[in-house]
Amino acid sequence: MPGDSAAPGEAYEAFIHRTACVPTRDNLHDFFNGLVWLHCPLSKRRLNELQAAEIARDGICATRGPLRDALTLFDENGAVLDAPGPLWHALLARDWQALFVTHRSLWREARLLVFGHALLEKLTAPRKAATAHVLISAGEMNPSAWDDATIAASLHPAHLATKPFTPLPVLGVPGWCVQNENFSFYDDSEVFRPRRDAERSPNP
């Protein structure tokens, strides 16, 4: 559907919810958005349903509020990870050496799905700083069998409003960038940043 199909003054998310159509412009951003809709229709529909409900309740305000912020963050830049426990512990602690060097072999057992269409667009011209926001599911640190239905079922409003995400510089993942075969790749503290004292500790 053409990108200017929404009625004047109608929010993009509200239009999609009302019509079950996704306005699409001729650019990479909307191209990848369309691909994610095709690959994960249940999850995209759930995100849209939650966005539309927030808009119906509060209207379009200068600030989106915590739930809409989280929905937008996941939609644009999110990822889901199925990985062994040691990788999750290292990721939540932002212990990049443990995540990418000490436990490197465990990545053979991991699956990383980039969900966010803006992040997919960025990866067409990859930069070292490209970072996904990995969804931390409620009550589980190592979700198994991630698929569209599982992702959609995990999108609970109260949980999302807490912004349950942890950053992952995706070019650090073994096999995603040839340069990371040299472990000095991870010495860049501008990209692989340590956890700040003010940030909450990871769950055990």
Salt-bridge test for Glu10 and Arg18: reply yes if a basic N is under 4.0 Å from a carboxylate O, no otherwise. yes
Would you call Lys44 and Asp75 a salt bridge, taking side-chain N to carboxylate O under 4.0 Å as the test? yes
Rounded at 0.5 Å granularity, tell me how far [atom1] in [X] sits from [atom2] in [Y].
X	Y	atom1	atom2	answer
Phe115	Leu47	CZ	CG	5.0 Å
Lys163	Leu71	NZ	CG	10.5 Å
Leu42	Trp37	CG	CH2	10.0 Å
Trp107	Trp176	CH2	CH2	8.5 Å
Phe31	Glu121	CZ	CD	11.5 Å
Leu87	Leu112	CG	CG	11.0 Å

cation_pi(Lys122, Phe32) dist<6.0 Å, angle<=45: no
For Thr166, give me all partners under side chain to side chain donor-acceptor pair (under 3.5 Å), at least two apart in sequence or on another chain. none
Provide the closest heavy-atom pair for [X] versus [Y] in the form atom of the first, atom of the second, distance.
X	Y	result
Leu67	Pro157	CD1-O, 3.6 Å
Ala14	Ile55	N-CD1, 4.4 Å
Cys177	Gln179	SG-OE1, 2.9 Å
Lys128	Phe192	CE-CE1, 3.9 Å

Within the distance-only criterion (no hydrogens, no angle test), does the side chain of Asn27 pair as donor or acceptor with the backbone N or O of Asp30 below 3.5 angstrom? yes
Distance-only, no hydrogens or angles: does the Arg193 side chain make a donor-acceptor pair with backbone N or O of Glu190 under 3.5 Å? yes
Can you find a pair of side-chain heavy atoms, one from [X] and one from [Y], that are under 4.5 Å apart?
X	Y	answer
Ser154	His159	no
Cys21	Ile16	no
Asn180	Arg104	yes
Val22	Phe15	no
Arg111	Leu81	no
Trp88	Ile136	yes
Leu168	Thr131	no
Leu91	Trp96	yes

side-chain hydrogen bond (donor to acceptor under 3.5 Å, both in side chains) between Ser43 and Asp148: does it pass, once the steps are laid out? CA-CA 6 Å; Ser43 302; Asp148 185 27; 2.7 Å; yes
When you look at Asn33 and Arg25, which way does the side-chain hydrogen bond (donor to acceptor under 3.5 Å, both in side chains) test go after all the steps? CA-CA 10 Å; Asn33 187 38; Arg25 300 161 297 180; over 6 Å; no
Sorted by chain and number, sequence neighbours left out, salt bridge (Lys or Arg N to Asp or Glu O under 4.0 Å) with Arg46 holds for Glu49
For Leu99 and His89: C-alpha separation, side-chain torsions, deciding distance, then whether side-chain contact (heavy atoms from CB on, under 4.5 Å) applies. CA-CA 8 Å; Leu99 181 65; His89 281 284; over 6 Å; no
If you apply the rule salt bridge (Lys or Arg N to Asp or Glu O under 4.0 Å), what do you find for Glu13 with Arg68, and how did you get there? CA-CA 11 Å; Glu13 296 90 347; Arg68 287 198 66 208; 3.6 Å; yes
Using the rule given for side-chain hydrogen bond (donor to acceptor under 3.5 Å, both in side chains), can you reason through Thr150 versus Asp147, listing the C-alpha separation, both sets of side-chain angles and the distance that settles it, and then say yes or no? CA-CA 5 Å; Thr150 305; Asp147 57 21; 2.6 Å; yes
With Leu160, the side chain to side chain contact (heavy atoms under 4.5 Å, CB included) member among Leu73, Asp69, Leu50: Leu50
What is the ring orientation for Tyr186 with Phe100, classed by angle as parallel under 30°, tilted 30 to 60°, or perpendicular over 60°? parallel
Kindly assign one of parallel, tilted or perpendicular to the pair His29 and His117, based on the angle between their ring planes and the thresholds 30° and 60°. perpendicular
